[in-house]
Engineer: 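Take a look at this one; I'll ask things after.
Everything numeric in this text was worked out from a predicted model, so none of it was measured. A note on names: the letters A, B, ... follow the listed sequences, proteins ahead of strands, and every chain is numbered from 1.
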Amino acid sequence: MSQAEISAASNFIRTLIKQQREAGQQQKVVTRFPPEPNGYLHVGHAKSICLNFGIAEEFGGDCHLRFDDTNPEKESQVFIDAIQEDIRWLGFEWAGDVRFASNYFDQLYDWALHLIKAGKAYVCELDAEQMREYRGTLTEPGKNSPYRERSVEENLAEFEKMRAGDYPNGAKVLRAKIDMAAPNINLRDPILYRIRHQHHHQTGDRWCIYPSYDFTHGQSDAIEGITHSLCTLEFEDHRPLYEWFLENLPVPCKPVQTEFARLNLNYTVTSKRKLKLLVDEGIVDGWDDPRMPTISGMRRRGFTPKSIRDFCDLVGVNRAGGVVDINMLYFALRNDLEHNARRGMVVLNPLKIVITNWEEGREEILTSPSHPARDDLGERQLPFTRELFIDRNDFMEEPPKKFFRLAPGKEVRLRNAWVIRCDEVIKDDQGEIIELRCSYDPDTLGKNPEGRKVKGVVHWVSADKGVPAEVRLYDNLFQVETPDADKDKDFLEHLNPDSLSRVDAICEPSLAQAGAEDHFQFERVGYFCADRHDHQPENGKLVFNRTVSLKDSWAKMQKKQG
RNA sequence: UGGGGUAUAGCCAAGUGGUAAGGCACCUGGUUUUGGUCCAGGCAUUCGGGAGUUCGAAUCUCUCUACCCCAGCCA
């Protein structure tokens with residue numbers, strides 16, 4: 001068996017770069033991933049990371065990590081640290097040191113002066129509300145600010161006062177002088193600098209004016225020698241502005257902005273604002289809650305870096321915004337885990353069975369490969385005793401047709417062990433099944449029984465030797481495909497009440513050796529990951545998170561039959 | 001009613017004038033000590049609609065329609 005190889009398909013950006021290289025342009029490719037440190041990275045960012053780092057890798061270039069830190073009110077060191085950890089975990093390394101747009105504040109300030117001197121920027125004193133009125137609407141042009149025609153000298157003096165801290169927050173702004181009647185609203189004298197008496201995580205209290213995104217991004221790209229500035233579609237309208245700054249400023253080079261569609265996944269939300277709300281409202285247990293589509297949440301859930309990278313390759317890159325089926329994510333996940341996760345047997349919903357023809361006190365140690373197709377992963381020992389647990393779902397007193405599991409009088413294979421037959425069902429006073437009396441066929445270890453076919457296989461754990469574990473069963477956080485699509489319904493109304501349930505499970509003894517973040521396939525059940533924080537085998541506390549269930553054609557068949 | 005975009009199967013997505021790749025999902029069948037994996041097969045007479053150019057159009061032209069983004073001193 002070999003793992004399905006997934007590689008990135010061709011896309012318009014790769015095609016573009018190849019064409020440029022064939023035409024002899026752009027020999028060196030330099031990209032950048034520019035997160036704002038105001039939240040955790042999510043799958044959507046993974047797409048951008050894979051694209052930017054992937055392009056650089058493919059064409060032998062560099063990819064920079066640059067924090068777009070122009071709004072200190074919302075940013076913090078916590079996010080800066082988390083973002084770096086997530087990128088490294090995903091398997092990427094940026095070229096050179098981590099960069100910050102704030103590294104360029106001095107240069108940006110000089111360039112603002114340059115625009116003022118060229119008569120292309122002015123200090124405006126309209127307040128926020130007036131500014132909105134003057135801006136016009138989508139269909140009506142704006143009108144010029146009364147401050148638009150100030151002299152260069154006055155603008156220089158005013159801007160210097162802004163920088164010196166002579167004015168309170170919001171009192172004045174520096175604006176580019178472009179065209180208040182432009183059909184593209186971004187060109188209606190956009191704001192370059194605003195006053196914010198705010199401590200900055202990188203520059204401390206050195207500045208009380210901060211440049212806007214538009215005035216920062218392209219120039220930062222130019223300073224770093226970025227060749228391809230890849231961003232999402234919503235910045236398309238900003239491209240003329242991006243280019244306007246590069247043309248009107250003495251920048252060292254002119255990067256080109258190219259937009260691609262952001263990733264949307266069904267059954268989840270990928271909006272930083274909404275994810276932050278889930279965290280702040282305590283709906284989930286932090287940014288790395290295993291139900292979160294954040295990189296750190298997915299990591300804790302049990303996704304592997306490769307599965308996320310493969311997923312991004314599977315999805316592709318283009319300009320048509322769509323919604324990707326989360327099954328594609330799960331496919332990439334299972335595809336990786338199937339090949340690389342060790343196997344173990346764990347009973348989530350125990351039902352005791354007694355092997356009546358197995359002597360009291362007798363214990364046999366069976367061995368089984370840790371992976372059916374990977375000898376290099378070694379083997380594990382499975383103690384077999386008179387009393388065992390199987391899953392309640394694997395027994396039915398009155399089984400329907402095609403139920404290949406245990407039922408009164410029926411036989412089933414105990415995975416990695418013998419074939420047993422159910423002889424008797426024991427119930428309590430309430431009629432609840434509490435135990436099954438079975439007998440085993442000693443001639444079926446490692447071979448099929450003679451003269452009959454036993455179709456079903458069931459997993460089990462020794463009642464004496466099994467070890468208890470807390471197992472957290474995770475499911476989609478939302479129960480509808482597009483939780484944020486309704487205009488009149490809050491996305492929180494679509495939360496899946498069963499996104500998390502906990503069960504006390506019994507594991508085969510080998511699982512007591514599991515280290516945090518180890519991945520397993522619990523045979524016949526699903527893929528699980530030892531919790532990064534709460535799994536403490538040294539204290540006898542085992543905690544596993546369900547990453548994703550195995551495909552279940554039996555469940556599908558039952559569902560279809562109603 | 002302004003500007004900018006996007007339409008190829010249920011979903012993602014190649015394709016750039018020569019007769020619709022691939023993947024997910026789904027459906028058949030086979031193998032199997034995981035109802036998993038794996039293997040074999042099926043799944044668009046047609047590319048948002050219409051008209052036109054052409055020997056030939058998903059690709060070019062015109063037109064219509066639908067959907068997405070933009071009126072933060074957020075990014």
Engineer: Can you figure out which of B:C24, B:U34, B:A14 approaches the side chain of A:Ser10 most closely?
Structural biologist: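 Closest nucleotide to the A:Ser10 side chain: B:A14.
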Engineer: Could you tell me whether B:G41 is syn or anti, where syn means a glycosidic angle within 90 degrees of zero?
Structural biologist: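 Anti for B:G41; the angle lies over 90° from 0.
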Engineer: Tell me which nucleotide, if any, is Watson-Crick or G-U wobble paired with B:G18 when both distances must be under 3.5 Å.
Structural biologist: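 B:C55 is the nucleotide pairing with B:G18.
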Engineer: Less than 3.5 Å apart, which donor and acceptor atoms pair up between the side chains of residues 33-41 of chain A and the rest of the protein, not counting sequence neighbours?
Structural biologist:
| residue | atom | partner | partner atom | Å |
| --- | --- | --- | --- | --- |
| A:Glu36 | OE1 | A:Asn38 | ND2 | 2.9 |
| A:Asn38 | OD1 | A:Lys272 | NZ | 2.5 |

Engineer: Fit a plane to each ring of A:Tyr109 and A:Phe159, take the angle between them on a 0 to 90° scale, and name the class: parallel (under 30°), tilted (30 to 60°) or perpendicular (over 60°).
Structural biologist: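 Correct class here is parallel.
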Engineer: Measure from CG on A:Asn318 to C1' on B:G15 and round the result to the nearest Å.
Structural biologist: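 Spelled out: CG on A:Asn318 to C1' on B:G15 is 13 Å.
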Engineer: Using a 4.5 Å cut-off on heavy atoms from C-beta on, say whether the side chain of A:Gln202 contacts that of A:Gln77.
Structural biologist: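 They are in contact (side-chain heavy atoms under 4.5 Å apart), so the answer is yes.
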Engineer: From B:G35, B:C24, B:U37, pick the nucleotide closest to the side chain of A:Phe404?
Structural biologist: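 Closest nucleotide to the A:Phe404 side chain: B:G35.
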Engineer: Regarding B:U34, can its base be found pairing with the side chain of A:Arg524 as donor and acceptor, where the two atoms are less than 3.5 Å apart?
Structural biologist: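 There is none.
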Engineer: Once you apply a heavy-atom cut-off of 4.0 Å, does A:Gln521 come out as touching a base, just sugar-phosphate, or nothing?
Structural biologist: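 Here A:Gln521 touches the bases of the nucleic acid.
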Engineer: Report yes if at least one side-chain N or O of A:Lys556 is closer than 4.0 Å to OP1 or OP2 of B:A25; otherwise report no.
Structural biologist: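 A:Lys556 to B:A25 OP1/OP2: no side-chain N or O under 4.0 Å.
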Engineer: Look at all strands and tell whether A:Arg188 reaches a base, only sugar-phosphate, or nothing, counting heavy atoms closer than 4.0 Å.
Structural biologist: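 Answer is nothing: A:Arg188 stays at 4.0 Å or more from every strand.
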Engineer: Can you find a donor-acceptor N/O pair under 3.5 angstrom joining the side chain of A:Arg334 to the base of B:G36?
Structural biologist: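 Absent.
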Engineer: When the C1' atoms of B:C38 and B:U34 are compared, how many Å lie between them, rounded to an integer?
Structural biologist: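 One C1' to the other, the span is 13 Å.
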Engineer: Would you say the rings of A:Phe478 and A:Tyr267 are close, in the sense that their centroids are separated by under 6.0 Å?
Structural biologist: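 Ring-ring flag for A:Tyr267/A:Phe478: false, centres at least 6.0 Å apart.
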Engineer: Using a heavy-atom cut-off of 4.0 Å across all strands, would you classify A:Glu523 as base, sugar-phosphate, or nothing?
Structural biologist: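 Base contact.
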Engineer: Do A:Ile185 and A:Asp237 have side-chain heavy atoms sitting under 4.5 Å apart?
Structural biologist: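 Answer no - side chains too far apart.
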Engineer: Which part of the nucleic acid, if any, lies within reach of A:Gly526 when heavy atoms closer than 4.0 Å are counted: base, sugar-phosphate only, or nothing?
Structural biologist: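 Nothing, no nucleic acid heavy atom in range.
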Engineer: Take atom CG of A:Asp336 and atom C1' of B:G36, then tell me their distance rounded to the nearest Å.
Structural biologist: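 Taking CG of A:Asp336 and C1' of B:G36, I get 16 Å after rounding.
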Engineer: Going by purine N1 to pyrimidine N3 plus the second Watson-Crick contact, or the G-U wobble pair, all under 3.5 Å, which nucleotide sits opposite B:C38?
Structural biologist: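 Across all strands, the one nucleotide that pairs with B:C38 is B:G30.
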Engineer: Just call it for A:Arg239: base, sugar-phosphate, or nothing, with non-hydrogen atoms closer than 4.0 Å on any strand.
Structural biologist: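 Counting heavy atoms under 4.0 Å across all strands, no contact is made by A:Arg239.
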Engineer: Give me the distance, rounded to whole Å, that separates B:C12 from B:C68 when you measure between the P atoms they each carry.
Structural biologist: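 One P to the other, the span is 15 Å.
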Engineer: Which one is paired to B:U45, where only Watson-Crick or G-U wobble pairs with both distances under 3.5 angstrom count?
Structural biologist: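 Matched B:U45 with nothing under the 3.5 Å cut-off.
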Engineer: Can you check the A:Asn335 CG to B:A25 P distance for me, whole Å?
Structural biologist: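 Those two atoms, CG and P, are 10 Å apart.
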Engineer: Taking atom P in both B:C74 and B:C67, what distance in whole Å separates the two?
Structural biologist: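 Taking atom P in both B:C74 and B:C67, they lie 32 Å apart.
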Engineer: Across nucleotides 63-75 of chain B, 5' to 3', mark each nucleotide with B, S or - according to how protein heavy atoms within less than 4.0 Å reach it.
Structural biologist: ------BBBSBSB
Engineer: Using the P atom on both, measure B:C73 against B:G5 and round to a whole Å.
Structural biologist: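 Result for the P pair: 24 Å, nearest Å.
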Engineer: Does A:Arg319 reach a base, just sugar-phosphate, or nothing at all? Heavy atoms under 4.0 Å.
Structural biologist: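 Contact class for A:Arg319: sugar-phosphate only.
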Engineer: For B:A44 versus B:A14, give the span between their C1' atoms, rounded off to a whole number of Å.
Structural biologist: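 My reading of the C1' atoms in B:A44 and B:A14 gives 14 Å.
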Engineer: Here's a test of your reading of the structure: between A:Val323 and A:Phe331, which maps to the more 5' nucleotide of RNA chain B?
Structural biologist: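 Taking each residue's closest nucleotide, the earlier one in sequence belongs to A:Val323.
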Engineer: How many Å lie between CG on A:Asn393 and P on B:U34, as a whole number?
Structural biologist: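 It works out to 19 Å between those atoms.
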Engineer: Counting any heavy atom closer than 4.0 Å, what does A:Ile209 reach on the DNA or RNA strands: base, sugar-phosphate only, or nothing?
Structural biologist: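 Result for A:Ile209 = nothing.
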Engineer: What does A:Lys455 touch in the nucleic acid at a heavy-atom separation under 4.0 angstrom: a base, only the sugar-phosphate, or nothing?
Structural biologist: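 If one applies the 4.0 Å heavy-atom cut-off, A:Lys455 turns out to touch a base.
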Engineer: Should the side chain of A:Glu338 and the base of B:G36 be counted as holding a donor-acceptor pair, with the cut-off at 3.5 Å?
Structural biologist: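 Indeed, a donor on one side and an acceptor on the other fall under 3.5 Å apart.
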Engineer: Can you tell me how far C1' in B:U19 sits from the matching atom in B:G10, rounded to whole Å?
Structural biologist: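 Taking atom C1' in both B:U19 and B:G10, they lie 26 Å apart.
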Engineer: Using atom CH2 of A:Trp460 as one end and atom P of B:U33 as the other, report the distance to the nearest whole Å.
Structural biologist: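 That distance rounds to 18 Å.
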Engineer: Distance check needed: B:A13 C1' versus A:Phe311 CZ, whole Å only.
Structural biologist: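 A:Phe311 atom CZ is separated from B:A13 atom C1' by 13 Å.
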Engineer: Quick one: label A:Ala555 by what it contacts on the DNA or RNA (base, sugar-phosphate, nothing), any heavy atom closer than 4.0 Å.
Structural biologist: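 If one applies the 4.0 Å heavy-atom cut-off, A:Ala555 turns out to touch nothing in the nucleic acid.
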Engineer: Going by atom types only, do A:Glu338 and A:Tyr527 share a side-chain donor-acceptor pair under 3.5 Å?
Structural biologist: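 Yes - a donor-acceptor pair under 3.5 Å links their side chains.
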Engineer: Between A:Asn11 and A:Leu314, which is nearer to the 5' end of RNA chain B once each is assigned its nearest nucleotide?
Structural biologist: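 The residue whose closest nucleotide sits nearer the 5' end is A:Asn11.
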Engineer: Got A:Val419 and A:Tyr440 here, is their nearest side-chain heavy-atom distance under 4.5 Å?
Structural biologist: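 Not touching, per the 4.5 Å side-chain cut-off.
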Engineer: Give the rounded distance in Å between these two atoms: CE of A:Met557 and C1' of B:C26.
Structural biologist: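 So the two atoms are 15 Å apart, to the nearest Å.
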Engineer: Does the ring center of A:Trp554 lie less than 6.0 Å from the ring center of A:Phe404?
Structural biologist: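 No, the ring of A:Trp554 stays outside the 6.0 Å limit from the ring of A:Phe404, centre to centre.
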Engineer: Using the P atom in both, what is the distance from B:U46 to B:A9, to the nearest Å?
Structural biologist: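 Between the two P atoms, the distance is 13 Å.
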Engineer: Could you go step by step and tell me if A:Glu224 and A:His64 meet the side-chain hydrogen bond (donor to acceptor under 3.5 Å, both in side chains) rule?
Structural biologist: CA-CA 9 Å; A:Glu224 295 184 10; A:His64 299 177; 2.8 Å; yes
Engineer: Are the aromatic ring centres of A:Phe303 and A:Phe311 under 6.0 angstrom apart?
Structural biologist: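 No, the ring of A:Phe303 stays outside the 6.0 Å limit from the ring of A:Phe311, centre to centre.
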Engineer: Reckon A:Val412 touches a base, only the sugar-phosphate, or nothing at all at heavy-atom distances under 4.0 Å?
Structural biologist: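 Since no nucleic acid heavy atom lies under 4.0 Å of A:Val412, the category is nothing.
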Engineer: Mind calculating the distance between NZ (A:Lys559) and P (B:C26) to the nearest angstrom?
Structural biologist: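 Checked: the NZ to P distance equals 10 Å.
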Engineer: Partner lookup for B:U6, please. Criteria are Watson-Crick or G-U wobble with both distances under 3.5 angstrom; report none if nothing qualifies.
Structural biologist: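 Checking every strand shown, B:U6 finds its partner in B:A66, with both distances under 3.5 Å.
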Engineer: Name the nucleic acid region contacted by A:Phe403, choosing base, sugar-phosphate or nothing; use a 4.0 angstrom heavy-atom cut-off, strictly under.
Structural biologist: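 Answer is base: heavy atoms of A:Phe403 come under 4.0 Å of a base.
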Engineer: Do A:Tyr242 and A:Asp221 have a side chain donor and acceptor closer than 3.5 Å?
Structural biologist: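 Judged by distance alone, the side chains do pair up.
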Engineer: Using atom C1' of each nucleotide, how far apart are B:U59 and B:C47 to the nearest Å?
Structural biologist: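 Going atom to atom, C1' in each nucleotide, I get 10 Å.
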